[in-house]
Amino acid sequence: MFTPVPSRVSMPELDARILQYWKDNDVFRRSESERPDAPLFMLYEGPPTANGSPGIHHVLARVFKDVICRYRTMKGYRCLRKGGWDTHGLPVELEIEKELGLSSKREIEEYGIEKFNQKCRESVFRYVKEWEVMTDRIGFWVDMDDPYVTLHNDFIETGWWILKKLWDDGLLYEGLRGTPHCPRCETSLSSHEVALGYQENTPDPSVFVKFRITEPAATLTIDGSVPTYFLAWTTTPWTLPGNTALAVDANAQYSLVELEDDGNTERLILASELLETNVEQPYNIVATFSGADLVDSGYEPLYHPGVYGTDIRRFEHKAGPGGSQITELVSTSDFAPRVVAGDFVSMEDGTGIVHIAPAFGDEDLGLGRDKELAFVQPVNLTGLITGNYSFAGKFVKDADEDIMKDLSERGLLHRRDIYRHTYPFCWRCDTPLLYYAKSSWYIRTTAQKDRLVEGNSSINWYPDYIREGRFGEWLRNNVDWAISRERYWGTPIPIWQCPVCSNRVCVGGVAELKDLANGSVAELDELDLHRPYVDDVVLSCTKSGCGGQMRRIPEVMDAWFDSGAMPFAQWHYPFDNSEIEADGRFPADYICEAVDQTRGWFYSLHALATLLKGEPSYKNVICLGLILDSRGHKMSKHVGNVVQPDTILDVQGADALRWYLFTASHPGEPRRFSDKLVNETLRRVLLTLWNVYSFFTNYASIDQFHPDQVPADWKPENELDRWILSELNVLVEQVDGYMDSYNPTDSGRRLQEFIDQLSNWYVRRSRRRFWKSENDTDKLSAYATLYRCLVTVSKLMAPLAPFMAEEIYRNLVCVVDSAAPDSVHLASYPEPDATLIDRDLMEATRLAMQVSSMGRAARSRAGVKVRQPLAEVRVWGHAGHLRQVQGQILEELNIKQLTVLDKFEGEAQAYFDTVRDATQASNKGEFDGRGLQQVDDYWVSVEPGCLVALDTRVSPDLADEGLAREIAHRIQGLRRTAQFDLTDRIVTYYQGPDDVARVMATHADYISQETLSEELVAGSLGDAEGSETQQFEGMEVTLAVKRV
RNA sequence: GGGCCUGUAGCUCAGGUGGUUAGAGCGCGGUCCUGAUAAGACCGAGGUCGUUGGUUCGAGUCCAUCCAGGCCCA
């Protein structure tokens, strides 16, 4: 039979007990293995990096992953949840660099790539134990024994296979990329690193440069007799030798002005609205044009690359795969810089004419590709000017002064100033960063842009605005994915290049590599595919007759490529598990991560699956808002405001934390974390339920209740039973619906409401039915009802609060039903019984609650405590409902008789008018339909649709009855302080005035029955187990009790 | 600078398609109740629904602007 449960409970201890039970009985494994034929529900785990301690924000994502899978399991699915670890990438390298005190790529290479990578490899599992413990502790079921690991050879090999496929499809290419580059460290910086090194108020030269017009556009009329110039502005004079175009805003207005400069007459073109700010000397406006009129004008280069020994190349559009357009860089000897339209031209500062050098800025590079501009690179990777310029060999920033001087001497400098702005510096060495167009490998995602957008429209996003908003926007603005990194610790790019003939091959797997490598096959079997080992593999050039020795290109892959490859790489597809599409392992049914992954994992998964399979790799995704600290700031290691999960879990337990995370706000919203609110959740929701459960087990144990005693065809007759079972079945319907639509938040909130109703109305109103000593059918009905509620709630809540649900289920179900599944998580999710839903009764009960509340308010105002019985209450409202639930109202309000006022006339009307008038009188003439006033002997409470008039007169008989209840109440208190058992029988002694003696006599039956007193004895008691002298109703009364 | 999201009581949150008095829980002050409860009931204080405009007979709700915060990207 049921084990009686104390009302006090330690959640952390309960968690530990349940975890042990799951472990001993292998429950997680069995949730998958015992249902081989069930439909598959596939979770893809977004792999964390275990090189740091997990924080509360990691708990958030993990419990949202868990809750959906537990639900699906109970709905009859077989959930596959393979764990994973992300192990590559720049953050790992930076951590190790810091540890080793290295500060540049040169130093890493001097230290040795082999040793360096070994350190990286060790570091990524440093906190794996902590992660495993946390994962276990919060009840996240995921297969951590056989996780996928991005550094495993098998995982890398699938990555190679993917790249090879893209290569074969013409979707992999080498191109230029504008990157922030540190000329001292000779390396690109990630955006994260750039963000670390911004310095405000950095002074830079501000120069206004004149570009002489040589070939005005057809739309432009220029008087050739006066020298005419475009006026452009820049803060980086050193980029001017790289100039290949000027950009204007096609829609803006430009002015041609004439002025005197050093005694010479000249004409300048610049944006009309920037004339005032940029031209200090007197001028005449000769003409105005639109920006579009200027486009295609040719001008004289400041430094013709052909003259200064710098190569000229040019972007050219060509037809690419799948009807797409690709852009290639080709060598040329022609150089004809011209004016183009650019949509980024700003009128905030400058002249409205922007100097374009595709070799430097990323925007310039984009415009160069777009407009097929020339490309001139007069600076090397160490930041020195090349060619034979007079300032060649100087560091770019030092060349600024020479260039300005040179231009000034040639009469091409209109003005120069100092400009202060925010500029990025290398966070390691403080060198100013240069934006530099570097060679990089790209995946041509733009070739499948339409498919990416189309596939996205079929994904279920929660919240749904992400689909068209943040993610859709990102896809519509798709640019090719730059996947190469000039780094060490990552998946090596499997491209080998011949130094003789530049021939390249992409290798799609280890077997293929063996085929291409001559000799040393045995070694290749054991080869770690990482750098530097793979760099040593030399292939003979595949071009017939070349005979060159091909070497691998040095780059590794962006770590996002690894995580995006996981749908395939976690199974070592297609080398193993070639059937993942057929058996449902691809695509995933569900993924869940925080919103910062839109351009991270959500994208890399989507992009690779679309390129490889033409369809998305996930069907449903919950995108979580970020978790903030109590002041609303993002939690981060740097700020030191990360909440350690243990500090919560060890006090409140896992269920309270989970429940709080599910219900505090909807998943997409950012949330402030507060341990106080976790505690509130614990008390208000979980402990309330626990106490109902404790109440049930205590009384069920006393009465030896067994569910078998309930007939199979039992239907509740009692009004309270019918009501709560109706509420229960509505609850089942709603919670199931919410869970089905990936909404644990509203599921939890709905369950909270029910738990409140169950505890504070059903149990409170039904208590006496459980106390009655006879085992009549009504008592059995109450047990059957409460039992069903608790069992059903334990199942409904199991996905959210798996520990308490398990505890309740095991004690209530497994103990009495050996055929039932031995874990709530292996049980079926409840289904609603529509025949038990009675909307009318639910409405009537709601009215009973409202009338009770109004009656209590009237009592409170009249100063008559609930313990004092009263004679009558008159109520106007829904008459049918009132008659239906009048018993509940009478008991709740402790009143003898309820009179239903059928019509709103006569007394009802008179009560209402008086309340309205009195309320208006005391409330500046305002009456909002609510009021509480005394009307003769009645206190009358009015609310819209309901009126309650309470007779507050206390007759002597009623007063005696009230005193009897008071005395019984005091005796109960004594019983409790003396810690008597609920069923202990006692003898009660009393001393007090005549009134007490009289009531003890006249209400002896009542008092005895309520307090389980065998005798009520006047006088004192020597060996009392509990005794107290108290003042009440102006009397001094002494009561004493002892067990018999 | 661009995109997306958020802004309702001290705190955490509700407030379909615009419609009479903007709600809940916690917290606070008071009163009461208690054979389950770290509980419950009643009363009270506390909100110009971020700002300013607009549409409308009517806006927390729709539109625009601005302000503040967050994330992602420049």
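Letters A, B, ... are given to chains in the order of the sequence lines, protein chains preceding strands, and every chain is numbered from 1. All values reported here derive from a predicted model rather than from experimental measurement.
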field: Listed partners of A:A968 passing side-chain contact (heavy atoms from CB on, under 4.5 Å), at least two apart
entry: A:Y1006, A:E1010, A:T1011

field: Spacing of A:W474 atom CH2 relative to B:rG2 atom P, expressed in whole Å
entry: 18 Å

message: What contact category does A:S665 fall into here, base, sugar-phosphate, or nothing, at under 4.0 angstrom with non-hydrogen atoms?
response: sugar-phosphate

query: side-chain contact (heavy atoms from CB on, under 4.5 Å) with A:L434: which residues, sequence neighbours excluded?
result: A:P183, A:W238, A:V396

message: If I pick the C1' atom on B:rA22 and the same atom on B:rA38, what distance separates them, to the nearest angstrom?
response: 32 Å

Integer angstrom distance from the P of B:rA59 to that of B:rC42: 34 Å

message: If the test is side-chain contact (heavy atoms from CB on, under 4.5 Å), which one of A:L847, A:L950, A:V851 qualifies with A:V875?
response: A:V851

field: Euclidean distance for C1', B:rU17 against B:rA36 (whole angstrom)
entry: 45 Å

- prompt: Does the pair A:R470/A:E473 count as a salt bridge with the N-to-O cut at 4.0 Å?
  reply: no

task: For B:rG10 versus B:rU6, give the span between their P atoms, rounded off to a whole number of Å.
output: 22 Å

Sub-3.5 Å pairs of nitrogen or oxygen atoms, protein against nucleotides 4-7 of chain B:
unit_1: B:rC4; atom_1: O2; unit_2: A:R470; atom_2: NH2; d: 3.1

Ring center gap for A:Y660 and A:F673 short of 6.0 angstrom: yes

- prompt: Near RNA chain B, which residues from residues 681-693 of chain A have a heavy atom under 4.0 Å away?
  reply: A:R683, A:R684, A:L687, A:N691, A:V692

message: Against A:F696, only a single residue in A:Y762, A:F2, A:W690 fulfils ring-ring contact (aromatic ring centres under 6.0 Å, His included); can you say which?
response: A:F2

- line: Here the distance between atom C1' of B:rC26 and atom CD of A:Q652, to the nearest Å, is 14 Å

query: Atom CD of A:Q752 to atom C1' of B:rA14: distance rounded to whole Å?
result: 12 Å

Closest-nucleotide 5' rank along RNA chain B - winner of A:V763 and A:M854: A:V763

Residue list, side-chain contact (heavy atoms from CB on, under 4.5 Å) with A:H57, at least two apart or on another chain: A:I627, A:V642

field: side-chain hydrogen bond (donor to acceptor under 3.5 Å, both in side chains) partners of A:T681, counting only residues at least two apart
entry: none

- prompt: What integer number of Å spans the C1' atoms of B:rU21 and B:rG47?
  reply: 14 Å

task: Classify the side chain of A:S759 and the base of B:rA36 as holding, or not holding, a donor-acceptor pair under 3.5 Å.
output: yes

message: Measuring only the C1' atom in each nucleotide, how far is B:rU12 from B:rG19? A whole number of Å is fine.
response: 29 Å

task: Can you tell me the distance, in whole Å, between the CH2 atom of A:W761 and the C1' atom of B:rA41?
output: 11 Å

query: Quick one: side-chain hydrogen bond (donor to acceptor under 3.5 Å, both in side chains) partners of A:N691, sequence neighbours excluded?
result: none

message: Whole angstroms only, please: what is the CG-P distance between A:N679 and B:rU12?
response: 16 Å

task: Round to a whole Å and report the spacing from CD of A:E680 to P of B:rC28.
output: 12 Å

- prompt: In whole angstrom, what separates A:D464's CG from B:rG16's C1'?
  reply: 14 Å

query: For RNA chain B, which consecutive runs of 3 or more Watson-Crick or G-U pairs (each distance under 3.5 Å) count as stems?
result: B:1-7 with B:67-73, B:10-13 with B:23-26, B:28-32 with B:40-44, B:52-54 with B:62-64

task: Rounded to whole angstrom, note down the P distance from B:rU20 over to B:rC11.
output: 27 Å

- request: Determine the Euclidean distance between corresponding P atoms of B:rA39 and B:rG23; express it in Å to zero decimal places.
  value: 26 Å

- prompt: Which part of the nucleic acid does A:V678 contact within heavy-atom distance under 4.0 Å: base, sugar-phosphate only, or nothing?
  reply: nothing

query: Below 4.0 angstrom from OP1 or OP2 of B:rA14, is there any side-chain N or O of A:H666?
result: yes

message: Here's a test of your reading of the structure: between A:T598 and A:A968, which maps to the more 5' nucleotide of RNA chain B?
response: A:A968

task: Would you please name every residue forming a salt bridge (Lys or Arg N to Asp or Glu O under 4.0 Å) with A:K438, sequence neighbours left out?
output: A:E486

query: With sequence neighbours excluded, what pairs up with A:D655 under the salt bridge (Lys or Arg N to Asp or Glu O under 4.0 Å) test?
result: none

- prompt: Separation of A:R749 atom CZ from B:rG23 atom C1', in whole Å?
  reply: 14 Å

By salt bridge (Lys or Arg N to Asp or Glu O under 4.0 Å) - contacts of A:R765 (at least two apart): A:E891, A:E892

message: Restricting to side-chain hydrogen bond (donor to acceptor under 3.5 Å, both in side chains), what partner residues turn up for A:W474, sequence neighbours left out?
response: none

